[in-house]
Structure formats: structure tokens, C-alpha cells
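Note that these values count all heavy atoms, side chains included, but never hydrogens, waters or copies made by symmetry. Below, chain A is the first sequence line, B the second, and so on; all start at residue 1.
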Amino acid sequence: MPKSPKAALKEPTRLSVRKTYKLYIGGSFPRSESGRTYLVDGDNVALASRKDARDAVVAARAAQPKWAAATAYNRGQVVYRIAEMVEARRAEFTALGVPADEVTAAIDRLVWYAGWSDKIAQVTGSANPVAGPYFNLSSPEPTGVIGVIAPPSLLGLVSVVAPAIVTGNTVVALAAGPQVAVTLAEVLATSDVPGGVVNILTGHAAETAPWLASHDDVNGLDLTAVDDAELATELERAAAGTLKRVRRPGSGDFTGDPGTAPMTAFLETKTVWHPKGF
Amino acid sequence: MTATATSRLSALPDSAVNLRAFLHGLPGVDKVGVEARAAALGTRSVKTTAKARAIDLAIRMVDLTTLEGADTPGKVRALSAKALRPDPADPTCPTVGAICVYPAMVPVAYEVLKGSGVHLASVATAFPSGQAPLDVKLADTRDAVAGGADEIDMVISRGAFLAGDYAKVFDEIVAVKEACGSAHLKVILETGELATYDNVRRASWLAMLAGADFIKTSTGKVPVAATLPVTLVMLEAVRDFRAQTGRQIGVKPAGGIRTTKDAIKYLVLINETVGDDWLSPDWFRFGASSLLNDLLMQRTKLTTGHYAGPDYFTLD
């Protein structure tokens, strides 16, 4: 008796669903406009082009006024929420090879900056004595859209993005460690961070950074992860064309106390004269 | 389609009864076809030198518009100055096609624009609704022309058109055209309120038969303004009208065109539908306010090599 054809079939093998790491622009995860991808440790990662950088700046600009107008308390809550969500996704980061204590340090860093949101104005602002019947008050204001060339580590990325956004700036980050950065983007997308406040591009910083540096609608540039002195100089020169604020602390150890400098680098001071005595 | 159109349109109407029969005898528009064609033409990639030329042409085609209740003489003067020199940093940047304002602001704009070659358009005839008696509309038109406007943007009575009273709409356009004198007449169909492409085609023919120099899509005051398919239908109408009568009519999409990418899609549409003859500010205009800044930013990107930002261009 012939065997039933059914019995000859093997148990179906399940095909694994592989993940493509995409960009994070304006709160969504598009592929690169150029259609390019590159391989990082066997994973397909979108390779951002200059037009992706342009789109990210448009998204960051659109999000900036509302984000800056949110109360400091609200911004602090949102950044704290990011810390909560990283905590919940610990396993995802460690699976990508991020050491457990680095995840912990990144969470602590987020909480630390969340706490600064409603205190930075009191530290950097002032009531100034003037020779006249006026109250003279200086208060910090966000710079606007910040281009960030971010370090590959989770702690490094958090240490450059969190201080910029907590004061009301929006960020376009060129991330060197794509899987970790995109996983952080997935955290941001579920943390009440409004779309466009943080935009993450994966790819080669040397290709996209010059477009951010010369972009008229970018107000500040953080060159933390630019180790190539020649490129850094070139970017600084391009940034000078539109008088961008440039921060270039050098990449290195992020585990120490960061201080307030990463926040104050992208703050401007507004001084108001208010008549008194009426 | 052209062959059918020509044979079916052989008898142009000479009475109200004929007009109705004629408009309803126009071939229907294939909705799916026209939308697919417009979408396909919208995917063309125009880059580098072609893009630079497209941008300059688009700037020359802009009817720089401000139609707000809050318009002040100062704002209109500033806008008129911008029309003459859109990019103060670059003298090679062409002037725009025209300024478009309310009749009350025409004398203010005229003071700035006279003798410059930039046209001065004024909306009239109870813009944007068109719901006013005919003598009011005519007075509105005459005032604008007397103030110095050389182009009049009139609205048709959509109420009468949709009720099927084509003769009334026809007579109104004829009367306004007469009140315009030597000024060019643009007839706004307000396609967003006409509901179907067949109506857009009928309204286009109605306006052209009544003596319009331009047909314009929208006022910009209703949610649905200019779209590519609607403009395609209107371009086909002006093409067929010229084939039939020998008279060339201009087209002006207005409202909702905000980016250089959008503008270039329209230029591609003209080139592929009606050809070179319409690729000129004399025969095609964009009714827009924010489009100009995007064109200028893209132009700056091409001339300087880096991305431009809105902070460097005036809003009005």
C-alpha cells in the first residue's frame, strides 16, 4: 500500500523574521530616501543620505517650538519616561552586547537629566542689579535644532541627546552604533517623546555631517564623536557660516559626572528689562 | 480623446439651450484614468540644471498672494517689494509673475509695482463666495481695475452652476469681462466645490466660451484646493479649446501648492499635456503664498551648495 503523500511532508521549518534597522525621523521609522542599506554585524541597516538629514532637520524644526513651549516639568517627565522604558527593555540592549552596568548608567543618566529640566533655569538664570527702576532678569532659552554626531555606545548616545532635549532643543543625531541607536529610537517612540524631537540617522557621519554643519536651519552642532581632527575642523568651519554653536568636548569616558556643560552648551540667554515702581 | 472631442464639439453653442446641451455633451472624464495619469507624471525626477531652470520658471509663474482679513497696507507693500526682488541676496533671481490682493489693497500694491513688469492681480466679484448681486460684483471689478489692477480673478457662482443655471454663470462672466476692459480675466471655478471632474470640465468650457483669459482652480478658501488631476482636466480643456477655436487660454492652479516638488510636478504636467506653449508665465501661474519661500530655499541650495533655512527669508 502506497504511503500517504501527507506523511512524506516534514514538519514545516519556521522562517525567522529578520529585522531591518531603519532611520527614526519625525516619530516614524522610514527607510533611507536613497534606498541604500549596509551590513552591520550581519544586520541590514539603513544608510542615511544627505536628503534624510534634510528631512530630519525639517522634522526637528517642526517639533521644536511646541517642545520648547512645554513646561520644564513636562519635559522632565518625558525624559524620565525614557528612563523607565529603557529599564523595561534592558534585555534588548544586553542582547546587542551592551554591558548591563552600562545600561544601568544610561538609565541613571536619563534620570539625572530629567531632574535638571526644571532646575537649570535657576542655576543659569539670574536677577541682575541695574542702575534704574527695572527688574532685570536673565533666563536660559533653547538654541533650537541641534545636529549631534553621537558616540557608538548607549551611554555615550544618551549623554549627548538627553542634555540637548531636556532644555527644549530638538536633535538630529548621526549615530555610530546603529543597532543600539535604533533600539533607543524604539524606546523613544514609546516614551511620549513627541515625533521629531529626537531624530536618529544611521550611516557614515563623514558623509552626512557636513550637510548638517552647513545647513542654514541647524542652530547648534555637537561634535562629541568626531575623532578625526581634520573633519572636525572642516565641520567647525562650515558651522561658522551660519554662526552655529559648536560643542567639541572630545569623545572619551562618559561614566564620570557630566556636569551642566552639555546642557548649557545649547542654551542662550534672554534678558528682560521690566519697569518697576508703577 | 482629442479626435472624439473635436468631432463632438463641432458646433459651439449659440444659445442657453445649446449651451446646456453642449456642456452635457462633453465627453465624461475617466476619474481613475486621470488620477493615475497625474500620479504617474508626479513621479518624474527633475534634477540639477533642469531643476534650476524649473525653479526659475516656477518663480516667474508665482502669483504671490495675500488674501487675509488682516492684510494691512504695510504687509501689501512688503509683499510687493518681495515680488520685485524675491531673493535680496541674489540679483539673478527673477521677479514673480504677479501680486494678488483684495481690491482695497490694489492702490497700495500699484504704487510699488507700477512700471516694474510685475502684474497686479486683484480678486473681485464678492471673493471668495461669489454670493452677491451682479451689480455689486461689477462695481467690485471696476474698482479694482480703476485702482491699477491689470488682472482680475473672479469667482463663478457655484450655486448657480451646481443648480444647472449655466446661462446665468455665462452671462456673469461676460459682464465681468466687459467691466474688466483691458485687464486680463481669470475665472475661478472653485473645483473643490464642483464635486466631479465632469463638472470641472464643463465649468472650464463654460468659462472659456464666456471669454475668460485664464481658468483658475480655487480660491484657497475651501478645504480642497488645487490638485494635479483637476489641473490635468483643465489643461486638457484649454488644449481642446485651442484646437477648436484657435484661442489660447491660461491655467492657474491655486491653493495647497507649497513645495518646489509640487510646483515641478505641475510643470511636468504642462509639458506632457499641452506642451511648451503653456510653459510661460503668460499662460500658467501658481496662486500661492508659501510656495515662493520654498522655491527660494531650493534655489539657494543649488547656488550655494548647502541647505537653506526659513529664517533667512521673509514671511511676507
- Note on the structure: Taken in chain and number order and not counting sequence neighbours, the residues that satisfy salt bridge (charged side-chain N to carboxylate O under 4.0 Å, His left out) with A:Lys270 are A:Glu141

Under 3.5 Å, which donor-acceptor pairs link chain A to chain B? Give each pair on its own line with the distance.
unit_1   : atom_1 : unit_2   : atom_2 : d
A:Arg50  : NH1    : B:Tyr307 : OH     : 3.0
A:Ser214 : O      : B:His306 : ND1    : 3.1
A:Asp216 : N      : B:Tyr307 : O      : 2.8
A:Asp216 : OD1    : B:His306 : ND1    : 3.3

- Set of residues satisfying side chain to side chain contact (heavy atoms under 4.5 Å, CB included) with respect to A:Ala189, sequence neighbours excluded: A:Tyr24, A:Phe29

- Query: In chain order, what residues pass the side-chain hydrogen bond (donor to acceptor under 3.5 Å, both in side chains) check against A:Ser126, with sequence neighbours excluded?
  - Reply: A:Asn128

